[in-house]
**Q** 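This is the structure I want to talk about, given as structure tokens.
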Amino acid sequence: MRAVVFDEYGDPSVLHVQDRPDPVPGPGEALVLVGASGVNYMDVYQRAGVYQVPLPAALGSEGAGTVLAVGDGVAGLAAGDRVAWTNVPGSHAEQALVPADRLVPVPAAITTEQAAAVLLQGLTAHYLTHDSFAVRPGSTVLVHAAAGGMGQLLTRIVTHLGGRVIATASTARKRDLAEAAGAVRAVEYAAALDAVRDLTGGAGVDAVYDGVGADTFDTSLQALRPRGTLVLFGAASGKVPPFDPRRLMAGSYFLTRPTLTHFVATRAELLDRAETLFGWVAEGVVDATATGRYPLDAVADAYAALEGRHTTGKLLIVP
């Protein structure tokens with residue numbers, strides 16, 4: 001089978017496709033024929049060396065497909081079942097070995113590509129809006145990069161929960177997409193604080209969902225109301241430099257840098273969040289349509305598009 005690998009850290013040019021032996025499931029594992037895998041910033045951080053992984057390494061952490069075989073001790077799964085997963089390395093491949101307890105069933109109302117397009121970001125959006133900062137009816141939040149796949153999910157979910165979204169995006173087309181997803185106003189990054197002051201009467205927002213990082217961190221802090229929450233969940237523009245925690249005293253702000261692993265730590269929690277997410281997809285609350293599909297051989301192009309911030313929505317690798 002063919003898989004995307006990298007032998008050194010670097011830009012997308014270090015990625016290449018390699019022929020590998022067909023995997024065999026061991027105890028507690030399932031072998032899955034990959035229908036599609038998601039293109040995510042988690043993979044960028046690994047390939048660039050921000051998150052250190054042993055080299056050489058296989059890329060891709062999210063996917064969906066059809067079970068081919070299961071190893072000893074696996075119950076409740078059989079060949080032919082459609083499943084999806086996240087946080088499993090080596091998902092940009094024709095076949096993937098996945099721990100059976102990390103697989104979630106894909107319901108009949110959801111396509112395989114929809115499952116691959118929504119699972120990682122959708123689970124993340126679920127815990128961000130329910131745990132990191134619990135959105136309530138009347139909450140007002142600022143969402144940066146709201147036209148991307150993650151930003152649109154957050155905007156739709158916050159709106160569904162009764163909150164208001166002020167959005168930032170870099171171009172007029174992207175701002176139109178953010179407003180189409182439910183944002184009450186979408187502005188360029190430089191206008192974020194003016195929009196927040198206007199729409200909150202100067203009070204500030206209850207929370208900021210910031211996946212951009214270095215370029216937006218200061219604006220995010222300034223946009224908060226007293227005792228507001230800054231949820232820093234990514235670093236698309238680079239890592240936030242070290243800062244003095246006493247800056248949070250300006251409004252007794254809360255700052256959190258969460259990661260999905262701690263919010264799907266048990267199988268029960270994983271299945272509960274996935275069930276809610278797939279229900280939202282089936283109901284049309286969130287859109288799980290991929291906006292770009294790339295074959296394995298074009299994986300570098302997919303990541304160049306993502307990192308160049310030229311994308312709106314989700315990109316998939318389709319073997």
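Only heavy atoms go into these numbers, but all of them, side chains included; no hydrogens, no water, no symmetry mates. The residues of the chain are indexed from 1 along the displayed sequence.
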**Q** Can you establish whether the number of heavy atoms outside Glu275 located under 6.0 Å from its atom CD is more than 12?
**A**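 Result for CD/Glu275: open.
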
**Q** So, are Arg197 and Asp194 salt-bridged, with charged N and O less than 4.0 Å apart?
**A**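 Salt bridge present between Arg197 and Asp194.
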
**Q** Should Val208 and Leu224 be marked as a side-chain contact (heavy atoms from CB on, under 4.5 Å) after you check the CA-CA gap, both sets of side-chain angles, and the distance that decides it?
**A** CA-CA 7 Å; Val208 179; Leu224 292 170; 3.7 Å; yes

**Q** Looking only at atom types and distance, does a side-chain atom of Ser252 sit under 3.5 Å from a main-chain N or O of Met249, one as donor and one as acceptor?
**A**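 Answer holds: no.
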
**Q** Would you say Ser132's side chain and Val231's backbone share a donor-acceptor pair under 3.5 angstrom?
**A**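 Side chain of Ser132 to backbone of Val231: no pair is present.
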
**Q** So Tyr189 and Val212, side-chain contact (heavy atoms from CB on, under 4.5 Å) or not? Walk me through it.
**A** CA-CA 11 Å; Tyr189 289 92; Val212 176; 4.2 Å; yes

**Q** Distance from Glu29 atom CD to Leu77 atom CG, nearest 0.5 Å?
**A**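 Going from CD on Glu29 over to CG on Leu77, the span is 12.5 Å.
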
**Q** Between Thr168 and Ala145, is there a donor-acceptor pair closer than 3.5 Å when you use the side chain of the first and the backbone of the second?
**A**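 Present.
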
**Q** Mind listing the closest non-hydrogen atom pair of Gly38 and Tyr303 along with its distance?
**A**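 Heavy-atom minimum between the residues: O-OH, 4.2 Å.
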
**Q** Less than 6.0 Å separating the ring centroids of His144 and Phe233?
**A**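 Not under 6.0 Å, so no.
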
**Q** How far apart are the C-alpha atoms of Asp22 and Leu31, what are their side-chain angles, what is the distance that settles it, and do they pass the side-chain contact (heavy atoms from CB on, under 4.5 Å) test?
**A** CA-CA 10 Å; Asp22 288 345; Leu31 175 63; over 6 Å; no

**Q** Let's go through Arg82 and Thr66 carefully: what are the C-alpha distance in whole Å and the side-chain angles of both, what is the deciding distance for side chain to side chain donor-acceptor pair (under 3.5 Å) to 0.1 Å, and is it a yes or a no?
**A** CA-CA 5 Å; Arg82 290 193 310 131; Thr66 304; over 6 Å; no

**Q** Begin with the C-alpha distance, continue with both residues' side-chain angles, and end with the deciding distance and a verdict on side chain to side chain donor-acceptor pair (under 3.5 Å) for Asn40 and Glu62.
**A** CA-CA 8 Å; Asn40 295 295; Glu62 166 193 44; 2.8 Å; yes

**Q** Which of these passes side chain to side chain contact (heavy atoms under 4.5 Å, CB included) with Ser61: Leu120, Val88, Leu260?
**A**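 The single option meeting the side chain to side chain contact (heavy atoms under 4.5 Å, CB included) with Ser61 is Leu120.
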
**Q** Work out which heavy atom in Ala203 is nearest to a heavy atom in Pro226; give both atom names and the distance.
**A**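 Shortest heavy-atom contact: O-CD, 3.9 Å.
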
**Q** Please determine whether a side-chain nitrogen of the Lys or Arg among Asp272 and Arg267 lies less than 4.0 Å from a carboxylate oxygen of the Asp or Glu.
**A**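 No salt bridge links Asp272 with Arg267.
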
**Q** Identify the two heavy atoms, one from Val39 and one from Ala302, that lie closest to each other, and give their separation to 0.1 Å.
**A**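 Residues Val39 and Ala302, closest heavy atoms: CG2-CB, 4.2 Å.
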
**Q** Work out which heavy atom in Phe278 is nearest to a heavy atom in Pro107; give both atom names and the distance.
**A**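 The pair with the smallest heavy-atom distance is CD1-CD, 3.5 Å.
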
**Q** In the structure I gave you, are the side-chain heavy atoms of Leu123 and Phe263 within less than 4.5 Å of one another anywhere?
**A**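 The answer is no, as the side chains (C-beta and beyond) never meet within the 4.5 Å cut-off.
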
**Q** Looking at Tyr253 and Arg225, what are the two nearest heavy atoms and their distance?
**A**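 Between these two residues, the closest heavy atoms are CE2-O, 3.3 Å.
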
**Q** side-chain contact (heavy atoms from CB on, under 4.5 Å), that's the test. Do Ile317 and Val4 meet it? Break it down for me.
**A** CA-CA 10 Å; Ile317 304 299; Val4 174; 5.6 Å; no

**Q** Any side-chain heavy atom of Asn87 sitting closer than 4.5 Å to one from Arg102?
**A**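 A side-chain contact is absent here, since even the closest heavy-atom pair is not under 4.5 Å.
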
**Q** Drop me the distance from Thr276's OG1 to His126's NE2, to the nearest 0.5 angstrom.
**A**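 Here the interatomic distance stands at 4.5 Å.
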
**Q** Find the distance between CG (Asp210) and OG1 (Thr216) and round it off to the nearest 0.5 Å.
**A**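 Reported to 0.5 Å precision, the distance equals 3.0 Å.
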
**Q** Val118 and Val264: same hydrophobic cluster, using ILVMFWY side-chain contacts below 4.5 Å?
**A**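 Yes, Val118 connects to Val264 through the hydrophobic network.
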
**Q** So if you build clusters from Ile, Leu, Val, Met, Phe, Trp, Tyr with side-chain heavy-atom gaps below 4.5 Å, do Leu154 and Ile157 land together?
**A**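 Yes, same cluster.
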
**Q** If every non-hydrogen atom of Arg156 is compared with every non-hydrogen atom of Val286, which pair is closest and at what distance?
**A**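 Taking Arg156 first and Val286 second, the nearest heavy atoms are CD-CA, 3.8 Å.
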
**Q** How many angstroms lie between CG in Leu97 and CH2 in Trp85, if you round to the nearest 0.5 Å?
**A**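 Spacing of CG (Leu97) from CH2 (Trp85) equals 10.5 Å.
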
**Q** Are Leu316 and Tyr294 linked, directly or through intermediate hydrophobic residues, by side-chain heavy-atom contacts shorter than 4.5 Å (ILVMFWY only)?
**A**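 No, it is not one cluster - the side chains of Tyr294 and Leu316 are not joined through contacts under 4.5 Å.
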
**Q** Enter the distance from Tyr45:OH to Lys239:NZ here, rounded to the nearest 0.5 Å.
**A**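 Between Tyr45 OH and Lys239 NZ, I get 11.0 Å after rounding to 0.5 Å.
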
**Q** Is the closest side-chain heavy-atom distance between Val285 and Val281 below 4.5 Å?
**A**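 Side-chain contact under 4.5 Å: no.
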
**Q** Could you tell me if the side chain of Thr129 sits less than 4.5 Å from the side chain of Leu161, heavy atoms only?
**A**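 Yes. Closest side-chain heavy atoms under 4.5 Å.
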
**Q** Do Glu179 and Arg175 sit within salt-bridge range, that is, some charged N less than 4.0 Å from a carboxylate O?
**A**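 Arg175 and Glu179: not salt-bridged.
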
**Q** Regarding Arg227 and Asp206, does a basic nitrogen lie under 4.0 Å from an acidic carboxylate oxygen?
**A**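 Here Arg227 does not pair with Asp206 in a salt bridge, since their nearest N and O are not under 4.0 Å apart.
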
**Q** Return yes if some donor-acceptor pair links the side-chain N/O of Glu94 with the main-chain N/O of Arg2 below 3.5 Å, else return no.
**A**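 Side chain of Glu94 to backbone of Arg2: a pair is present.
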
**Q** Looking at Glu188 and Lys174, is any side-chain nitrogen of the basic one under 4.0 Å from a carboxylate oxygen of the acidic one?
**A**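 Salt bridge: no.
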
**Q** Is Thr200 reaching over with its side chain to a backbone N or O of Val205, donor-acceptor style, under 3.5 angstrom?
**A**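 It does not hold such a pair.
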
**Q** When you group the ILVMFWY residues by side-chain heavy-atom contacts below 4.5 Å and let the links chain together, are Val83 and Leu33 in the same group?
**A**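 The answer is no; the residues belong to distinct hydrophobic clusters.
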
**Q** Could you tell me whether the side chain of Arg47 reaches within less than 4.5 Å of the side chain of Glu307, counting heavy atoms only?
**A**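 Answer yes - side chains close enough.
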
**Q** Evaluate the criterion ring pair (Phe, Tyr, Trp, His ring centres under 6.0 Å) for residue pair Phe254 and Phe133; output intermediate values, then yes/no.
**A** CA-CA 10 Å; Phe254 296 91; Phe133 172 78; 9.9 Å; no

**Q** Looking at Ile110, is its backbone amide N or carbonyl O close enough to the side chain of Gln114 to form a donor-acceptor pair, meaning the two atoms are under 3.5 Å apart?
**A**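 No, Gln114 side chain to Ile110 backbone: no donor-acceptor pair under 3.5 Å.
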
**Q** Within a reach of under 6.0 Å around CZ of Arg293, are more than 12 heavy atoms found that belong to other residues, nucleotides or ligands?
**A**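 No, not enclosed.
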
**Q** Would you say that Tyr9 contacts Val14 through its side chain, given a criterion of any heavy-atom pair below 4.5 Å between the two side chains?
**A**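 Not touching, per the 4.5 Å side-chain cut-off.
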
**Q** Mind checking whether Val187 and Val165 sit in one hydrophobic cluster, side chains of I, L, V, M, F, W, Y counted as touching below 4.5 Å?
**A**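 The answer is no; the residues belong to distinct hydrophobic clusters.
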
**Q** Determine whether Leu255 and Leu248 make a side-chain contact, defined as any pair of heavy atoms from C-beta on separated by less than 4.5 Å.
**A**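 Yes. Closest side-chain heavy atoms under 4.5 Å.
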
**Q** Ignoring hydrogens and geometry, is there a side-chain-to-backbone donor-acceptor pair from Asp131 to Leu128 under 3.5 Å?
**A**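 No; zero donor-acceptor contacts below 3.5 Å.
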
**Q** Roughly how far, to the nearest 0.5 Å, is CZ of Arg257 from CG of Leu230?
**A**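 Going from the CG atom of Leu230 to the CZ atom of Arg257 covers 11.0 Å.
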
**Q** Quick one: are Val5 and Leu59 in side-chain contact, heavy atoms under 4.5 Å?
**A**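 Contact flag for Val5/Leu59 side chains = no.
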
